[in-house]
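Below you'll find the structure, written out as structure tokens, and then a few comments.
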Amino acid sequence: MNVPTPASAGGGSTACATTGSVDFGVDLAGDGWKFTTGDDPSWSDPAFADTGWRDWTVPDDWGAHPDLTSYDGFAWYRRTFTLPARPAGITDSAVVAALGKIDDADQAFLNGREIGRTGGFPPTFDSTWEVPREYYPADGLLRWGATNVIAVRVYDGTGGGGFHQGPVGLYSKARLRALAGDTGTAATRTQLAHVCAVLDRQHRAVAAGDVRGYAATLADGFFHQGDTAARRLAGLRELLGAGRVTLTDAQAEVFVDGQGRLVVDTIRTWTGLPPARELLYVDPRRPVELGDHARFFRDDYRSAAMGRRAQFNVYLPPAYTRTTTRRFPVVYMLNGFNGSNIEWEARDIGTVLDRLGVEAIVVFPDGGSGWYADTSAGRYRTMIVDEIVPLVDRAYRTVADRDHRGISGVSMGGQGAFMLGLTTPAVFSSITSHMGALSLPPLAGTPAEQAANAGLRPLTLVAGMSAADLGRHRYYFDGGDSDEYRFGAAAQQMSTALAAKGVRHDYQLGAGRHDDAYWMPKLDRSFGLHAEQFAAHPVKQPREPKPVRSPYVWP
């Protein structure tokens with residue numbers, strides 16, 4: 001797909017950098033890679049002779065190689081390849097180096113220059129196995145019609161290892177959109193000028209601190225990645241309170257989708273926030289941004305507890321975006337060890353929850369490997385209970401009481417669900433756990449901190465609570481009979497402990513190991529329990545105003 005590049009589509013403004021969108025790609029998956037364990041910075045040099053390294057295929061799995069089954073540590077990948085002559089209308093900075101998903105952290109070099117890194121290496125190890133890698137080479141870095149070398153430094157901290165999912169290669173954004181199914185037709189010069197005028201108005205309003213002017217570029221019913229117009233404007237006022245703010249859009253490409261909406265594939269940057277690739281939707285009839293009306297997306301905020309911006313994912317049920325006043329219960333779902341909020345994207349959890357007919361907002365905090373306790377490894381309990389829960393109640397249409405708030409988790413997250421649920425009964429009313437670490441205390445922080453938190457072991461908490469206190473919650477939990485960590489046995493112990501105190505619960509021990517194949521088919525059971533709890537406490541909903549007809553169908 002080719003989109004023409006206007007000479008001055010933005011009315012003479014340089015803020016609207018619309019580029020040609022060329023369908024281009026060099027697939028680097030498959031054979032042709034070199035691999036070695038160890039770590040040496042000289043291996044990023046394109047002149048380094050890697051002939052003594054092992055021949056390799058990407059994507060890969062270290063566990064499939066007998067000598068790497070239990071290997072945790074550094075390794076390097078290199079690939080020498082030839083680019084074709086530069087396609088007409090494409091710049092180096094319009095090319096994305098897509099490296100798929102890498103277990104656990106990586107640092108990528110192209111022709112000897114670092115183009116990006118994701119995750120953390122020791123001593124500040126941070127697993128990001130679930131995060132798609134997209135890096136942007138600088139102009140002048142690619143050698144068109146000549147030999148190029150990509151080198152990737154990888155660190156695996158636990159299990160697995162390697163490029164576990166593609167695509168892997170150099171692609172234009174148009175090709176990446178095609179791979180993701182985001183297709184359309186080329187925009188005309190008039191449509192490009194329309195889009196650039198909207199972006200230009202936004203850039204100018206933000207730079208001038210003109211909140212009202214920026215508000216005029218947002219359509220009635222604007223909703224983008226969880227932001228209503230009111231929330232977006234509140235965020236802008238907050239940024240302006242800290243000083244001058246700029247909004248930029250780099251490498252913006254425009255196409256027309258099947259409903260006639262103008263879609264902008266851009267790398268958008270707000271002052272003080274990291275750049276993010278986004279798809280913006282612009283009304284072709286009026287100079288306003290519509291928002292993407294997404295129902296599964298990442299949200300973030302500045303966390304005092306963590307001393308950084310913290311992410312969480314949000315799932316909204318179909319009825320959320322079809323109504324304007326209806327309020328919904330909320331389930332908080334906690335990730336397992338070496339995971340994060342982004343791992344749910346890899347599981348396509350939004351589609352899974354749609355299929356289950358879940359009629360609740362589901363929030364996925366970034367629990368890292370912090371075991372949901374407050375330690376020197378992170379104040380995860382405070383982040384979730386004292387920050388994210390109130391934020392979600394402010395930002396989304398929730399039923400903001402404990403009777404309509406549940407908590408779930410997987411593995412480490414199952415331990416966290418029991419721990420947070422039982423210790424904050426005024427916040428959560430239903431607790432579910434899939435193959436949870438119910439026999440373990442929080443294993444994060446210093447040895448002294450772990451010793452101090454030993455009493456937060458779910459089985460210990462239950463043993464010390466009265467039947468009346470335990471009866472304030474509803475429970476579902478499960479475990480596999482072949483679970484490598486014996487969490488199936490822990491689930492049996494939990495069932496015995498609750499039964500001894502006469503506490504009703506839904507429990508199952510089934511055939512299976514400690515993996516997604518065991519627990520994901522049981523989501524209907526856990527969300528069914530949350531639904532029963534919510535239904536037992538009916539809420540009178542506000543009267544819904546007459547819906548405004550939209551010419552567009554949103555997901």
[Y] and [X], any side-chain heavy atoms less than 4.5 Å apart:
X      : Y      : value
Asp299 : Arg231 : yes
Val314 : Leu316 : yes
Leu236 : Val206 : yes
Ile342 : Arg298 : yes
Phe24  : Pro84  : yes
Leu99  : Ile150 : yes

Distance from [X] atom [atom1] to [Y] atom [atom2], nearest 0.5 Å?
X      : Y      : atom1 : atom2 : answer
Leu141 : Ile115 : CG    : CD1   : 7.5 Å
Ile361 : Leu353 : CD1   : CG    : 12.5 Å
Leu334 : Asn341 : CG    : CG    : 11.5 Å
Asn335 : Asp366 : CG    : CG    : 6.5 Å
Leu176 : Asp265 : CG    : CG    : 8.5 Å
Arg201 : Cys196 : CZ    : SG    : 14.0 Å

* Would you mind listing every salt bridge (charged side-chain N to carboxylate O under 4.0 Å, His left out) that reaches into residues 132-141, with sequence neighbours excluded? => Asp106-Arg133, Glu134-Arg277

* Structure fact -> Contacts satisfying salt bridge (charged side-chain N to carboxylate O under 4.0 Å, His left out) that involve residues 90-104 (not counting sequence neighbours) are Arg86-Asp92

Would you please say whether a donor-acceptor pair under 3.5 Å links the side chains of [X] and [Y]?
X      : Y      : value
Glu289 : Thr217 : no
Tyr77  : Arg153 : no
Thr266 : Glu253 : no
Asp348 : Thr351 : yes
Asn313 : Glu345 : yes

May I ask you to decide whether [X] forms a salt bridge with [Y], counting only side-chain N to carboxylate O separations under 4.0 Å?
X      : Y      : result
Asp283 : Arg261 : no
Arg78  : Asp45  : no
Asp210 : Arg204 : no
Glu238 : Arg302 : no

Results of salt bridge (Lys or Arg N to Asp or Glu O under 4.0 Å) for [X] - residues two or more places apart only:
X      : result
Asp55  : Lys34
Arg394 : none
Asp27  : none
Asp374 : none

* **All side-chain hydrogen bond (donor to acceptor under 3.5 Å, both in side chains) counterparts of Gln225, not counting sequence neighbours** => Asp292

* Arg113, CZ: over 12 other non-hydrogen atoms inside 6.0 angstrom -> no

* Asked: Has Arg309 got more than 12 heavy atoms of other residues, nucleotides or ligands less than 6.0 Å from its CZ?
  -> yes

With a 3.5 Å cut-off and sequence neighbours excluded, list the donor-acceptor pairs that the side chains of residues 117-124 form with protein atoms.
{"unit_1": "Arg117", "atom_1": "NE", "unit_2": "Glu114", "atom_2": "OE2", "d": "2.8"}
{"unit_1": "Arg117", "atom_1": "NH2", "unit_2": "Glu114", "atom_2": "OE1", "d": "3.0"}
{"unit_1": "Arg117", "atom_1": "NH2", "unit_2": "Glu114", "atom_2": "OE2", "d": "3.4"}
{"unit_1": "Thr118", "atom_1": "OG1", "unit_2": "Tyr135", "atom_2": "OH", "d": "2.6"}
{"unit_1": "Thr124", "atom_1": "OG1", "unit_2": "Phe121", "atom_2": "O", "d": "3.4"}

* Asked: After noting the C-alpha distance and the side-chain angles of Phe297 and His224, does the key distance pass the side-chain contact (heavy atoms from CB on, under 4.5 Å) rule?
  -> CA-CA 9 Å; Phe297 49 85; His224 184 80; over 6 Å; no

* To do: Kindly indicate whether a cation-pi arrangement holds for Arg244 with Trp270, taking the cut-offs as under 6.0 Å to the six-membered ring centre and within 45° of the axis.
  => no

* Are Asp300 and Gln311 close enough, and set up right, to give a side-chain hydrogen bond (donor to acceptor under 3.5 Å, both in side chains), and what steps lead you there? -> CA-CA 4 Å; Asp300 68 90; Gln311 283 191 345; 5.8 Å; no

Not counting sequence neighbours, which residues clear ring-ring contact (aromatic ring centres under 6.0 Å, His included) with [X]? List them please.
X      : answer
Tyr380 : none
Tyr171 : none
Tyr71  : Trp62

* Should the pair Tyr320 and Phe223 be assigned to parallel (<30°), tilted (30 to 60°) or perpendicular (>60°) ring geometry? -> tilted

* When the ring planes of Trp129 and His164 are compared, do they come out parallel, tilted or perpendicular, using 30° and 60° as the limits? -> tilted

* To do: Might you work through the side-chain contact (heavy atoms from CB on, under 4.5 Å) test for Asp40 and Trp76, ending with a clear yes or no?
  => CA-CA 9 Å; Asp40 187 328; Trp76 280 72; 5.7 Å; no

* Could I get the full list of side-chain contact (heavy atoms from CB on, under 4.5 Å) partners for Asp67, not counting sequence neighbours? => Arg54, His65

* Tell me whether the centres of the aromatic rings in Tyr155 and Phe74 are closer together than 6.0 Å. => yes

* Pair Trp43 and Trp53, ring centroids less than 6.0 Å apart -> yes

* So Ser340 and Glu130, side-chain hydrogen bond (donor to acceptor under 3.5 Å, both in side chains) or not? Walk me through it. -> CA-CA 8 Å; Ser340 76; Glu130 71 283 63; 2.4 Å; yes

* Looking at Ser303 and Met383, what are the two nearest heavy atoms and their distance? -> OG-CG, 4.2 Å

* To do: Without swapping roles, check the side chain of His194 against the backbone of Thr190 for a donor-acceptor pair under 3.5 Å.
  => no

* For the side chain of Ser369 and the backbone of Asn338, is there at least one donor-acceptor N/O pair under 3.5 Å apart? -> yes

* To do: For a side chain to side chain contact (heavy atoms under 4.5 Å, CB included) with Thr147, tell me which candidate from Thr80, Asn111, Leu83 qualifies.
  => Thr80

* Start with the C-alpha distance between Asp227 and Arg232, add both sets of side-chain angles, then the distance that settles salt bridge (Lys or Arg N to Asp or Glu O under 4.0 Å), and finish with yes or no. => CA-CA 6 Å; Asp227 278 356; Arg232 174 65 63 84; 3.0 Å; yes

* From the options Tyr552, Phe222, Trp554, Phe255, select the one residue that forms a ring pair (Phe, Tyr, Trp, His ring centres under 6.0 Å) with Tyr281. => Trp554

